[in-house]
Amino acid sequence: MNYWLMKSEPTSFSIDDLIKRPKQTTPWDGVRNYQARNMMRDQMKIGDQAFFYNSNCDVPGILGTMEVVSESYPDPTQFDPESKYFDPKATPDKPIWFLVDLKFKEKFKQIISLEQLRKNPYLEDLIILRKGNRLSITPVTPKDWSFIIKLHC
DNA sequence: GCCAACGTTGGC
DNA sequence: GCCAACGTTGGC
């Protein structure tokens with residue numbers, strides 16, 4: 001099983017939005033970065049666990065956890081001219097962007113803030129803590145995953 | 001294939 | 001709002 005961290009801007013999609021979805025599940029659409037796409041398309045498996053992370057907001061940090069509940073499939077928004085994620089170069093025969101479905105698992109009683117994560121020398125290899133990191137989906141090692149899970153207890 | 005220009009991300 | 005870091009585009 002693999003572990004991930006997935007960023008979302010709370011103004012566009014919050015963890016409460018996820019909780020309100022039917023089956024508390026959402027397609028993780030709108031990713032338009034090849035590295036992030038490749039991870040969803042090639043590496044994510046049903047049962048993988050992911051942190052829900054808020055970026056670009058007052059208190060960036062990890063709010064809870066989710067689980068991957070589908071294989072990867074083409075992101076439907078790439079074919080929709082009305083969508084802001086529309087990609088004119090993509091066709092149903094040759095899709096460019098892929099996604100997986102994610103299901104809500106847990107919301108922490110308190111956010112684990114970016115500031116709090118930075119204070120732990122143990123997490124120095126966590127990708128989102130590296131300078132200049134902008135990738136919206138990053139892998140998390142099992143040891144970092146369990147360390148972070150324990151932080152909120 | 002190089003690389004300058006431009007656009008985006010995201011913490012601060 | 002600033003700006004560093006990074007990704008993408010497109011001329012050559």
Under the 3.5 angstrom rule, does the side chain of Glu9(A) hit a backbone N or O of Cys57(A) as a donor-acceptor pair?
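No, Glu9(A) side chain to Cys57(A) backbone: no donor-acceptor pair under 3.5 Å.
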Output field: ring centroids Trp4(A)/Tyr53(A) closer than 6.0 Å
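They do not qualify: ring centres at least 6.0 Å apart.
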Aromatic ring proximity, centroids under 6.0 angstrom, Trp97(A) and Tyr85(A):
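For Tyr85(A) and Trp97(A), the ring centres are not under 6.0 Å apart.
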I'd like a table of atom pairs between the protein and nucleotides 5-11 of chain C - only N or O on both sides, under 3.5 Å - with the distance next to each one.
from   : atom 1 : to        : atom 2 : distance (Å)
dA5(C) : OP1    : Lys131(A) : NZ     : 2.9
dC6(C) : O2     : Arg134(A) : NH1    : 2.9
dC6(C) : O2     : Arg134(A) : NH2    : 2.5
dG7(C) : OP1    : Gln35(A)  : OE1    : 3.3
dG7(C) : O4'    : Arg134(A) : NH2    : 3.2

For Trp28(A) and Phe52(A), take the angle between the two ring planes, folded into 0 to 90°, and tell me which bin it lands in: parallel under 30, tilted 30 to 60, perpendicular over 60.
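Judged by the thresholds at 30° and 60°, the geometry between Trp28(A) and Phe52(A) is perpendicular.
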Before accepting this row, confirm whether a basic side-chain N of the pair Arg32(A)/Asp75(A) lies closer than 4.0 Å to the acidic partner's carboxylate O.
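Yes, charged N to carboxylate O under 4.0 Å.
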